[in-house]
S.K.: 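Questions regarding the structure given below will be posed in turn.
When reading the values below, keep in mind they use all heavy atoms of this one structure, side chains included, and skip hydrogens, waters and symmetry mates. Naming: A, B, ... by sequence-line order, numbering from 1 per chain.
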There are 2 protein chains.
Amino acid sequence: MVRITGKRISESTIHRLSLYYRLLKVLQDEGYETVSSKDLADREKLTPAQVRKDLSFFGQFGTRGLGYPVTELRQQIAEIIGINKKWNVALVGIGNVGSALVSYKEFQKQGFHIKLIFDNDQRKIGSFHKGIEVHDVVNLRQMLNKYNIEIVIVAVPGAAAQGVVNEVVAAGVNAILSFAPTNLRVPSHVTLRSENMAIEMEHLTFHLTNENLYYTA
Amino acid sequence: MVRITGKRISESTIHRLSLYYRLLKVLQDEGYETVSSKDLADREKLTPAQVRKDLSFFGQFGTRGLGYPVTELRQQIAEIIGINKKWNVALVGIGNVGSALVSYKEFQKQGFHIKLIFDNDQRKIGSFHKGIEVHDVVNLRQMLNKYNIEIVIVAVPGAAAQGVVNEVVAAGVNAILSFAPTNLRVPSHVTLRSENMAIEMEHLTFHLTNENLYYTA
DNA sequence: CCTAACTTGTGAAGTTGTTCACAATTTAAA
DNA sequence: TTTAAATTGTGAACAACTTCACAAGTTAGG
């Protein structure tokens, strides 16, 4: 939980800010100059109060009677989220998932620049992916420092993940996105997000398995 | 929200069940026969009460004074989540993300069998990935039915995603995992999970941008 | 300039999710 | 067999999150 001028901001609110940011782009493209909390809410299946409350944590962006200025609000949210600047990103593990990430167009668009790629496979080290050379993971800590990497994406097998994370943390990087299907430990000052596709699938199977109870219970 | 014998189960609880399931595998491998809620909690950075409450929604699995039987609990959770059986899965879109998913070993292990692959690119249609033929997406609805597909993974560009989802829903599939960076609409009886890696990155940048406030505010 | 229609921002109320606290039960040791 | 230590299961208390409801401000039309 983060505090902004004494208010607690939940991860849910942060997530919705990202949704608003994307939606405002759509509205911009559709030619809207202002938008009401009701419009935003309808398109995201939220309540207008939720939208207003989320934004209210960060300031007053709207005009009563009129709504929010689309372009300006989008810019403000970009600043809040921190995507009004470029970020130096490194990728560890250039297997299936890593390769997909290097080619992921959304990343470039959003200012996430993958500057370095690492792997421990000698056959991959020295090769290039989208113009980026693959380095030996033994040089991880040193190179993260040298290139001022701020975010590391970990896409290595589960067994290797904690070791990589430890090196990343030791290098002073405070933000990690992991695709390893493992529980990872980081100090409290480091932000870690874990994506696990198998767990996402299990949400689906839970609902498929139990939805009948939803109606019959 | 799902109800089991009148109790409401949150998505957070479902998520934690997946974590317990994986942790119990580790404990099994480490040779434990029983485990306490405290042990489970410590390893997942949760409270023992949280663990016990989560499990209590589904029954009484422990023995007072002793804890939970590792192997048996794992099996019970598998049944609750619905991963004690094989699921027929189809993948739509065999680009970077789709290719990574086809090769994702966790899926096979968990009983998620990708039976069909679809794409709209004539150069890809007819080719094989991990032994699975790529079909023309125009045959999507018909083939989902024919092969009794229960879960569809959507890994197509944002602009195409809603169209694909509509076909999938029309085919009677009730569970969708999407990697498209778009807002998708599904009827309420369909479960949709959306993964958006750019949004995950934005959680990180939010924290990197605002964590100073955490300490100074 | 006045009024009607809108819409924000926010304290308060309501809802959902987490943690507490303890009775009930089991085990193990004396 | 008794007692001490451990641990579950769960109602109640607490905390976090969402929605309500309305005062305050803005716009547009007459």
Side-chain angles (χ1 to χ4, degrees), chain A residues 1-20 24 27 32-70 72-74 76-77 80 203 206 214, chain B residues 1-20 24 27 32-70 72-74 76-77 80 203 206 214:
Chain A
M1 190 94 72
V2 175
R3 275 161 181 281
I4 306 262
T5 60
K7 284 168 187 154
R8 292 154 188 282
I9 314 296
S10 69
E11 290 297 319
S12 314
T13 292
I14 299 170
H15 191 88
R16 286 190 298 267
L17 287 179
S18 288
L19 300 181
Y20 303 149
L24 287 165
L27 294 167
Y32 289 95
E33 296 196 351
T34 59
V35 63
S36 68
S37 59
K38 178 165 191 314
D39 294 338
L40 290 169
D42 286 349
R43 297 225 196 184
E44 295 290 351
K45 282 202 197 140
L46 302 168
T47 64
Q50 178 78 81
V51 173
R52 296 200 299 276
K53 184 68 90 179
D54 283 337
L55 296 174
S56 76
F57 291 126
F58 303 96
Q60 304 189 165
F61 305 108
T63 305
R64 288 166 192 225
L66 187 58
Y68 300 92
V70 171
E72 196 185 313
L73 180 59
R74 181 155 187 266
Q76 306 249 35
I77 292 178
I80 293 164
H203 277 262
F206 178 90
Y214 180 75
Chain B
M1 189 92 73
V2 175
R3 275 161 182 280
I4 305 263
T5 57
K7 284 170 186 152
R8 294 156 187 281
I9 314 298
S10 70
E11 290 297 318
S12 314
T13 292
I14 299 170
H15 191 87
R16 285 191 297 268
L17 287 180
S18 288
L19 299 182
Y20 302 149
L24 288 164
L27 294 166
Y32 289 95
E33 296 197 348
T34 59
V35 62
S36 68
S37 58
K38 178 165 191 315
D39 294 337
L40 290 169
D42 287 348
R43 298 227 197 182
E44 296 290 351
K45 283 202 196 137
L46 301 168
T47 63
Q50 178 79 81
V51 173
R52 295 200 299 275
K53 182 68 86 178
D54 283 337
L55 296 174
S56 77
F57 291 126
F58 303 97
Q60 305 189 166
F61 306 106
T63 305
R64 291 167 189 221
L66 188 60
Y68 300 92
V70 171
E72 195 184 314
L73 180 60
R74 181 155 187 265
Q76 306 249 33
I77 292 178
I80 293 163
H203 277 262
F206 178 90
Y214 179 74

S.K.: Rounded to whole Å, please give me the gap between CG in B/Leu55 and C1' in D/dT10.
M.R.: 13 Å
S.K.: I need the CD-P distance between B/Gln76 and D/dG9, as an integer number of Å.
M.R.: 11 Å
S.K.: Take atom CD of B/Gln60 and atom P of C/dA24, then tell me their distance rounded to the nearest Å.
M.R.: 14 Å
S.K.: Using side-chain heavy atoms (C-beta onward) and a distance below 4.5 Å, is B/Leu46 in contact with B/Leu40?
M.R.: no
S.K.: B/Tyr68 and side chain to side chain contact (heavy atoms under 4.5 Å, CB included): which single residue from B/Gln76, B/Arg52, B/Arg74 fits?
M.R.: B/Arg52
S.K.: In whole angstrom, give the distance that lies between atom NE2 of B/His15 and atom P of C/dT18.
M.R.: 12 Å
S.K.: Tell me whether the rings of B/Phe206 and A/Phe58 are parallel (<30°), tilted (30 to 60°) or perpendicular (>60°).
M.R.: perpendicular
S.K.: Any side-chain N or O of A/Tyr68 under 4.0 Å from OP1/OP2 of C/dG9?
M.R.: yes
S.K.: Take the protein atom CZ of B/Phe57 and the nucleotide atom P of C/dG17, then report the distance between them rounded to whole Å.
M.R.: 8 Å
S.K.: Could you check which residues of residues 34-50 of chain B get a heavy atom under 4.0 Å from DNA chain C? Sort them by number, please.
M.R.: B/Thr47, B/Ala49, B/Gln50
S.K.: For DNA chain C, whose closest nucleotide is more 5', that of B/Arg52 or that of A/Ser56?
M.R.: A/Ser56
S.K.: Salt-bridged, B/Lys38 to B/Asp42, with N to O below 4.0 Å?
M.R.: yes
S.K.: Can you measure from CG (A/Leu73) to CD1 (A/Ile80) and round to the nearest 0.5 angstrom?
M.R.: 7.5 Å
S.K.: Using whole Å, what does the distance between atom P of nucleotide D/dA16 and atom NZ of A/Lys53 come to?
M.R.: 15 Å
S.K.: On the nucleotide D/dT10, are OP1 or OP2 found under 4.0 Å from the side-chain N or O atoms that B/Arg64 carries?
M.R.: no
S.K.: For D/dT18 and A/Arg8 - does any side-chain N or O of the residue sit under 4.0 Å from the phosphate oxygens OP1/OP2?
M.R.: no
S.K.: Could you check how far CD of B/Glu11 sits from C1' of D/dC17, rounded to whole Å?
M.R.: 16 Å
S.K.: Counting only heavy atoms not in B/Glu11, do more than 12 fall under 6.0 Å of its CD?
M.R.: yes
S.K.: Walk me through whether A/Arg16 and A/Gln50 qualify under side chain to side chain contact (heavy atoms under 4.5 Å, CB included).
M.R.: CA-CA 10 Å; A/Arg16 286 190 298 267; A/Gln50 178 78 81; 2.9 Å; yes
S.K.: Whole Å only: how far is the CD atom of B/Glu33 from the C1' atom of D/dT7?
M.R.: 18 Å
S.K.: A/Ser12 side chain: which of C/dT8, D/dT18, D/dT10 is closest?
M.R.: D/dT18
